[in-house]
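Read the numbers this way: they start at 1 and go in the same order the structure lists the ligands and their atoms.
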Amino acid sequence: MSWQYRISAALDERRTANAFRTRFVGESDGTGFIHDGQRYRNFSGNDYLGFSRHPAIIGAWQQGAQRYGVGSGGSGHVTGFHQAHHELEHTLADWLGYQRALLFISGFSANQAVIQALMQKEDRIVADRLSHASLLEAASLNPATLRRFQHNDVGSLQALLSKPLSGQQLVVTEGVFSMDGDSAPLAEIHAIKGTALMMVDDAHGIGTFGEGGRGSCAAANVKPDILVVTFGKAFGLSGAAVLCSDDLADYLLQFARHLIYSTAMPPAQAHALSTAVAIIRKADDARARLARHIDYFRRQMAHIPLQLARSTTAIQPILVGDNQRTLHVAERLRARGLWVTAIRPPTVPVGSARLRVTLSAAHEDSDIDALLEALDDLSRE
Ligand SMILES: Cc1ncc(COP(=O)(O)O)c(C=O)c1O
């Protein structure tokens, strides 16, 4: 099969299934997404606390750039590990109750790095079947065996964990599931994991839950062996950190190729992230406002004949099922000035296309009312 044929066939397949992905050039002004000269109320971002435009965090980034320059200048293993990274790692470890934190440029690379560095051929990765692509891809590329347990089903996890094995096991789950918005039963998973290491990706929980925003694990009073937090959601920036023991951090520093062979995040960004941590710790008002929005949205949606997922988090997916219908509803919402992305397979299982509505503390009540009114109208079409 020629390259030309292979590529065209793959593109045609996506188009025929209404699963072709496109990007939109746009600009954000907080809760608005400006595209082609028009402003849309944005219900698709992950800026759950509205901190991507926080003046103190913007100021810290500018200050960091003045002090450190705009780039780190190299891998952390060469000369790219600056005082700003060192301070942020200490702050994160202290805040989240771990011996160590290691910074990564993205959550995707953190998840890949941990799984690739830790797992060997004779081992088994037991992951929730709805885990993020960065986790499942790392697991499926790895020589270890990947077994996926039924979503949030501790019995299914236990059955897989108890199968005979000569190597070690890694249990993988998310704190809050990115496409469903529901939370993992972290305490139950922790209680049955036995000698397996437990890895929790709390990309969508950190900042929004738990005392001082310490995330899903703190809220469930669980300390996984490996906690991955990302900074592209509630923190409003980007990047990630892996929280773990001293030994595991030293091991990752030796063997995690994404750390060793990649330029460290700009120190100005690390400086801004330290400010973001300080702000997040005190952001109870923003968290309470977000919780009020979630509660209001769910109560009002109960009167609208659309299928809302069972989620109490900022991610409030509306399950539509069919790809074409989901795209159609997203387009109709856009025509009313509302930006809600249609999420389709392979990001979610076939037949479960959805509108992934996300709420932010930065939304005004009137934003949410506008969305509810449009959904109500569309549900009657
Ligand atoms: C659960 C989860 N983990 C990891 C990632 C990847 O993080 P990053 O965007 O920092 O690469 C995402 C999404 O972006 C996510 O939803």
Which atom pairs, donor and acceptor, lie under 3.5 Å between side-chain atoms of residues 265-274 and protein residues at least two apart or in another chain?
residue: Q269; atom: NE2; partner: S238; partner atom: O; Å: 2.6
residue: Q269; atom: NE2; partner: S238; partner atom: OG; Å: 3.3
residue: H271; atom: NE2; partner: Q63; partner atom: OE1; Å: 3.0
residue: S274; atom: OG; partner: A270; partner atom: O; Å: 3.4

* Using a 4.5 Å cut-off on heavy atoms from C-beta on, say whether the side chain of F108 contacts that of T230. => no
* Ligand-side contact atoms (ligand 1) for residue partner S178, heavy atom cut-off under 4.0 Å -> 16 (O)
* To do: Report the nearest protein non-hydrogen atom to atom 11 (O) of ligand 1: residue, atom name, distance rounded to 0.1 Å.
  => F108 N, 2.9 Å
* Asked: Quick one: salt bridge (Lys or Arg N to Asp or Glu O under 4.0 Å) partners of E331, sequence neighbours excluded?
  -> none
* Asked: Looking only at heavy atoms, what is the nearest atom pair of A353 and R344, with distance?
  -> CB-CG, 4.1 Å
* Protein contact to atom 4 (C) of ligand 1 [nearest heavy atom, distance to 0.1 Å] -> D201 OD2, 3.3 Å
* Around atom 16 (O) of ligand 1, find the nearest protein heavy atom and jot down its residue, atom name and distance. => H204 NE2, 2.6 Å
* To do: For atom 9 (O) of ligand 1, state which one of M179, H132, Q112, K233 supplies the nearest heavy atom.
  => K233
* Asked: Counting each atom of ligand 1 from 1 as listed, which ones have a heavy atom of S134 under 4.0 Å away?
  -> 4 (C)
* Structure fact -> atom 7 (O) of ligand 1 sits nearest the protein heavy atom G107 CA, 3.4 Å
* Asked: Where do L355 and A342 come nearest, in terms of heavy atoms and distance?
  -> CD2-CA, 4.4 Å
* Indicate yes or no: at least one non-hydrogen side-chain atom of L136 is less than 4.5 angstrom from one of R129. => no
